[in-house]
Amino acid sequence: MSGASAPSTSGAGRDHQVSARAVRSASPTDVAPDDPCSAVDEGSIDAVIAWFARSGRDLPWRHEGVSAWAILVSEVMLQQTPVVRVLPRWQEWMELWPTPADLADASTAEVLRRWDRLGYPRRALRLQECARAIVREHGGEVPRGEEALRALPGVGEYTAAAVTAFAHHGRAVVVDTNIRRVLTRSRRGRALPDRSYSAAERLLAARSLPAEPQRSVAWNQSVMELGALVCTARSPRCEECPLAAEGCAWLAAGRPAPEADTRRRQSFEGTDRQMRGQIMALLRRDGAALEELLLALDPEDPARVQRCTASLIADGLAVRVGESLQLP
């Protein structure tokens, strides 16, 4: 694979998962045990890091020598998208565009084609904008520091922290849905996190992060993987969880059910998002589509097709050229 060294059994995340005892730092700032924001204790941190060393997946962006750019791309692709769908796309992108300069120079139409069906194609545009900013402002190298990273197009709080931790091996509070769920269950005794990232969750994550940078990287990688593989949303495998023996509050409480969610959820079928996806699939396949072909996607609601077409143009995902719609 271009842009990265040959895979090994260690790597970003994995290569820094050294013995929990060997990198032990001063204890996190603990508070009273009955405080819902009390930190994860050292024994639990040890257990989770040791579990990851045995059970963590051998993913290519964790291999030794993988560039910060490759890790940034993986983090953007993995947002709201399963690993199994990301893996072939990430490998293809790294072969085509192993550096920010390579992606910056690519045609936008080809970038959107290669994004394929990862979803939310605006992420692909933002990644290319990010690459161009890295070339223009940072000499083609992914900058260090969360503030500099967050100044890049499409890089938010989570991605900046993840790149700082997994690419630059720095101490950063990395919090995704998986980490939120593990911390909520093990420390707060609740089945699922708050509906939005709350102040209580933010405080718990910050208090639980080990002070020593190398150990903090190990913890971030390990607890994220635990949430992805064991402490899952629908079918948690508590019998395999290293936190079960360390005193998981949710397990101790008898695994209470989540609070009822009364919010109404819109079906994907028939939505504008579905139609936008159909139009983009058509453009990726053929490069362009005439109006009658687009209207055939929903002959009973031409206004919906026209509305979605206009929104794709406004988002920079398509352009009008004569009588046809094309990739930009």
Side-chain angles (χ1 to χ4, degrees), residues 2 69 72-136 152-156 159 177 263-328:
S2 300
W69 168 246
L72 191 159
V73 171
S74 75
E75 291 295 343
V76 173
M77 287 185 168
L78 285 163
Q79 293 169 14
Q80 299 178 291
T81 310
V83 166
V84 67
R85 289 176 57 196
V86 168
L87 187 55
R89 296 286 75 76
W90 180 85
Q91 291 172 324
E92 183 179 57
W93 273 50
M94 290 300 99
E95 291 171 358
L96 289 168
W97 306 306
T99 70
D102 295 316
L103 184 60
D105 290 340
S107 79
T108 300
E110 185 66 8
V111 169
L112 290 171
R113 284 193 190 95
R114 299 291 184 170
W115 189 257
D116 199 29
R117 295 178 297 122
L118 284 182
Y120 302 100
R122 278 178 290 184
R123 287 186 293 163
L125 295 185
R126 296 294 274 175
L127 253 178
Q128 188 171 43
E129 293 171 14
C130 178
R132 289 169 176 164
I134 291 171
V135 171
R136 184 176 60 250
L152 296 172
V155 176
T159 304
T177 300
R263 294 174 295 176
R264 296 180 61 184
R265 288 178 172 79
Q266 184 181 25
S267 171
F268 180 66
E269 188 70 28
T271 62
D272 282 5
R273 182 183 163 201
Q274 182 195 39
M275 176 55 63
R276 281 166 57 99
Q278 291 175 335
I279 295 171
M280 288 300 297
L282 192 62
L283 296 182
R284 286 195 304 268
R285 188 189 71 191
D286 300 336
L290 294 172
E291 184 74 10
E292 56 264 31
L293 187 57
L294 294 171
L295 292 175
L297 292 172
D298 190 352
E300 296 183 0
D301 193 355
R304 175 180 173 230
V305 177
Q306 292 166 346
R307 180 174 65 250
C308 292
T309 298
S311 71
L312 290 172
I313 294 171
D315 287 343
L317 295 169
V319 294
R320 281 279 185 202
V321 179
E323 297 296 318
S324 69
L325 188 72
Q326 299 183 8
L327 292 175

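Keep in mind that this is a model prediction, so the values were computed, not measured. Note that the numbering runs from 1 along the sequence shown for the chain.
By the 4.5 Å heavy-atom criterion applied to side chains, Leu112 and Pro328 are counted as neighbours. Considering only heavy atoms from C-beta on, Trp97 stays 4.5 Å or farther from Val73 through its side chain. Proximity of Leu96 to Met94: side-chain heavy atoms (C-beta onward) are nowhere separated by under 4.5 Å. Taking the side chain as every heavy atom from C-beta outward, Val76 and Val155 never approach each other to under 4.5 Å. You'll find the side chain of Leu327 reaches within 4.5 Å of the side chain of Met280, heavy atoms only. For the pair Val86 and Leu118, the minimum side-chain heavy-atom distance is below 4.5 Å. Counting heavy atoms from C-beta on, the side chains of Thr99 and Val135 never come closer than 4.5 Å. A 4.5 Å side-chain heavy-atom check between Arg276 and Asp315 finds at least one atom pair inside the cut-off.
A distance-only check finds a donor-acceptor pair linking the side chain of Gln128 to the backbone of Ala106 [under 3.5 Å]. In this structure, the side chain of Arg132 does not engage the main chain of Leu103 through any donor-acceptor pair within 3.5 Å. Looking only at distances, no side-chain donor or acceptor of Arg307 sits under 3.5 Å from a matching main-chain atom of Asp272. Looking only at distances, no side-chain donor or acceptor of Arg114 sits under 3.5 Å from a matching main-chain atom of Glu92. Put simply, the side chain of Arg123 gets close to the backbone of Gln79: a donor and an acceptor are under 3.5 Å apart.
Every residue two or more places apart in sequence or in another chain that forms a salt bridge (Lys or Arg N to Asp or Glu O under 4.0 Å) with Asp116 is listed here: Arg89.
Note: Leu283 CG to Leu325 CG = 5.0 Å, rounded to the nearest 0.5 Å. Note that the OG1 atom of Thr159 and the CG atom of Leu72 stand 7.0 Å from one another [nearest 0.5 Å].
The local environment of CZ in Arg136 is crowded, with over 12 non-hydrogen atoms from other residues, nucleotides or ligands closer than 6.0 Å. Residue Glu292 qualifies as enclosed at atom CD: its count of foreign heavy atoms under 6.0 Å is above 12.
One finds a salt bridge joining Glu291 and Arg320 here, because a Lys/Arg side-chain nitrogen approaches an Asp/Glu carboxylate oxygen to under 4.0 Å.
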